[in-house]
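I have placed the structure first, in the form of structure tokens, so that the comments after it can refer back to it.
When a ligand or atom number is given, it counts from 1 through the structure's own listing order. Remember, predicted model here, so these are calculated numbers, not experimental data.
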Amino acid sequence: MTILTLSHLTKRYDKAASGAAALDDVSLSISAGERVALLGHNGAGKSTLMKCVLGLIPTSAGAISIAGHAPGSAVARALVSYLPESAAFHPALTGREQIRHYLRLRGGHVRDADALLDRVGLLEAAGRRIGTYSKGMRQRVGLAQALIGTPRLMVLDEPTSGLDPISRREFYDILDDLAGQGTAILLSSHALSEVEARTDRIVILSKGQQVAEGSLADLRRRAALPLTVSMVPQSGQEEALVAAFPEAAMHHGALSFTCEADEKSKVLARLVANRDQVADFDIQPPSLDDIYAHISRRAA
Ligand SMILES: Nc1ncnc2c1ncn2[C@@H]1O[C@H](COP(=O)(O)OP(=O)(O)OP(=O)(O)O)[C@@H](O)[C@H]1O
């Protein structure tokens with residue numbers, strides 16, 4: 001079931017310095033349980049898109065539907081939750097008090113606060129003032145707030161920026177659980193490696209325009225970037241391996257070269273034929289970093 005639909009969305013700010021649209025004819029849909037990442041340079045339009053979805057700012061053209069409802073309407077607000085990039089909380093309140101406050105605002109029961117804090121791993125610190133929390137703990141308060149009422153769509157603006165690797169992983173584990181229960185997730189991020197591993201679909205914005213959209217496999221196919229082959233020679237076999245792979249360059253004791261995706265089996269056959277000279281090898285597809293850099297260069 002489709003939860004979010006953007007059709008030809010355009011947003012022009014009245015006071016835009018450049019006069020260019022912050023979003024220009026963007027179309028996108030997200031189904032229940034789908035995790036979609038929004039990528040783009042600073043100023044590409046990610047936050048603007050999120051604010052339009054939340055109904056915080058008016059659109060200039062196009063349409064947005066949240067399970068059939070207009071953004072910002074009472075029904076849409078009940079279906080959507082939001083975690084801003086830098087959520088601010090009152091430092092004198094405890095985590096429990098802050099979540100109870102949000103529960104009251106959202107018409108929930110204050111008794112649910114501890115279950116929410118437990119879900120994000122904050123139950124032990126629930127009685128401490130937020131002013132004493134680390135950045136990661138404050139981000140978890142934000143996530144607990146966003147979990148109120150089992151949202152159908154979660155909108156998360158750079159939710160893991162500033163989090164350590166373990167906290168990031170735990171954060172995505174919670175998002176995976178939510179997606180498993182049918183929540184659609186739209187998040188923006190500059191951390192491409194985590195997006196690569198933890199989302200289903202990627203949308204790339206550049207200067208307000210949607211320049212790519214699809215799964216990582218789709219984007220990889222469309223970018224048609226080469227694979228990187230690297231080999232570590234057996235000791236004493238360097239020269240023989242260089243002779244067998246004249247296209248390869250030696251860096252820090254390893255030989256590497258690039259090849260087209262459809263040449264992979266030929267390269268594999270050559271590696272097998274030269275296995276006595278090879279101690280180890282690796283064939284790497286282009287990473288999301290490579291694909292993103294390629295698409296951004298092309299869009300610029
Ligand atoms: N209130 C505003 N008034 C005028 N222009 C704005 C306003 N808010 C954003 N913009 C412009 O709209 C464009 C898109 O900004 P937006 O904040 O959506 O980008 P972003 O992709 O979220 O960037 P970042 O990664 O830095 O958060 C930018 O050119 C920005 O200067």
Side-chain angles (χ1 to χ4, degrees), residues 4-30 35-66 71-72 76 80-89 135-136 138-139 142-143 145-146 153-163 168 171-172 175 184-196 198-199 201-214 216 219 287-300:
L4 173 67
T5 311
L6 310 184
S7 316
H8 305 287
L9 179 64
T10 294
K11 170 67 188 175
R12 235 172 254 285
Y13 287 105
D14 292 341
K15 290 181 184 142
S18 64
L23 289 174
D24 187 359
D25 197 22
V26 174
S27 294
L28 168 71
S29 60
I30 306 183
R35 301 162 304 168
V36 175
L38 205 51
L39 307 183
H41 294 310
N42 294 127
K46 305 178 297 293
S47 301
T48 299
L49 188 149
M50 291 183 169
K51 286 178 194 162
C52 290
V53 167
L54 295 164
L56 297 176
I57 53 173
T59 59
S60 307
I64 301 177
S65 155
I66 294 152
V80 181
S81 73
Y82 175 49
L83 178 57
E85 185 183 347
S86 35
F89 304 107
K135 158 104 188 168
R138 287 199 299 277
Q139 203 65 352
L143 184 59
Q145 163 280 127
L153 170 66
M154 274 186 106
V155 178
L156 310 151
D157 200 350
E158 295 186 34
T160 57
S161 76
L163 297 191
R168 279 170 187 241
F171 200 95
Y172 276 102
L175 295 190
I185 292 172
L186 175 65
L187 64 90
S188 67
S189 179
H190 290 288
L192 302 191
S193 55
E194 66 186 37
V195 161
E196 180 169 0
R198 308 295 298 252
T199 57
R201 205 143 53 86
I202 293 161
V203 175
I204 302 181
L205 293 179
S206 175
K207 295 178 193 151
Q209 295 188 341
Q210 187 175 335
V211 292
E213 195 236 310
L216 183 60
L219 298 188
S287 66
L288 180 56
D289 274 292
D290 301 325
I291 296 168
Y292 178 70
H294 174 78
I295 291 171
S296 303
R297 256 196 315 272
R298 210 175 44 193

* Hey, is K207 one of the residues with a heavy atom under 4.0 angstrom from ligand 1? ->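 Checking ligand 1 against K207, which is what was asked, there is no heavy-atom contact under 4.0 Å.
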
* Asked: Does ligand 1 have any atom sitting under 4.0 Å from a heavy atom of G45?
  ->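 Right, G45 reaches ligand 1.
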
* Does any donor atom in the side chain of S47 or E85 lie under 3.5 Å from an acceptor atom in the other side chain? ->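 Looking only at side-chain atoms, E85 and S47 do not form any donor-acceptor pair under 3.5 Å.
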
* Asked: Hey, are D157 and S188 close enough side-chain-wise for a donor-acceptor pair under 3.5 Å?
  -> yes

* Asked: Is the gap between the ring centers of H41 and Y292 under 6.0 Å?
  ->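 H41 vs Y292: aromatic centres under 6.0 Å.
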
* Do ligand 1 and G43 have nitrogen or oxygen atoms that lie under 3.5 Å from each other? ->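 Yes; at least one N/O pair falls below 3.5 Å.
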
* **Backbone or side-chain N or O of E85 under 3.5 Å from ligand 1 N or O** =>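 E85 vs ligand 1: no N/O contact under 3.5 Å.
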
* Derivation of the side-chain contact (heavy atoms from CB on, under 4.5 Å) call for M154 and L143 -> CA-CA 10 Å; M154 274 186 106; L143 184 59; 3.8 Å; yes

In terms of atom number and element, which parts of ligand 1 are under 4.0 angstrom from non-hydrogen atoms of [X]?
X    : result
E158 : 25 (O)
H190 : 25 (O)
A44  : 19 (O), 20 (P), 21 (O)
A22  : 12 (O), 13 (C)
T48  : 14 (C), 15 (O), 16 (P), 18 (O)
S47  : 17 (O), 18 (O), 20 (P), 22 (O), 27 (O)

* Asked: Under 3.5 Å, is there a donor-acceptor pair between the side chain of S206 and the main chain of V211?
  -> no

* Is a side-chain donor or acceptor of R138 paired with a backbone partner of F89 at a separation under 3.5 angstrom? -> no

* To do: Check H41 against ligand 1 and report side chain, backbone, both or neither, counting heavy atoms closer than 4.0 Å.
  => backbone

* Asked: Can you tell which of L49, I57, N42 gets a heavy atom nearest to atom 24 (P) of ligand 1?
  ->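 The residue whose heavy atom sits nearest atom 24 (P) of ligand 1 is N42.
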
* To do: Could you point out which residue of L205, V203, L288, T199 forms a side chain to side chain contact (heavy atoms under 4.5 Å, CB included) with L39?
  =>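 It is L288, the one option of L205, V203, L288, T199 that forms the side chain to side chain contact (heavy atoms under 4.5 Å, CB included) with L39.
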
* To do: With side-chain contact (heavy atoms from CB on, under 4.5 Å) as the test, would you mind laying out the steps for K51 and T48 before giving the verdict?
  => CA-CA 5 Å; K51 286 178 194 162; T48 299; 5.8 Å; no

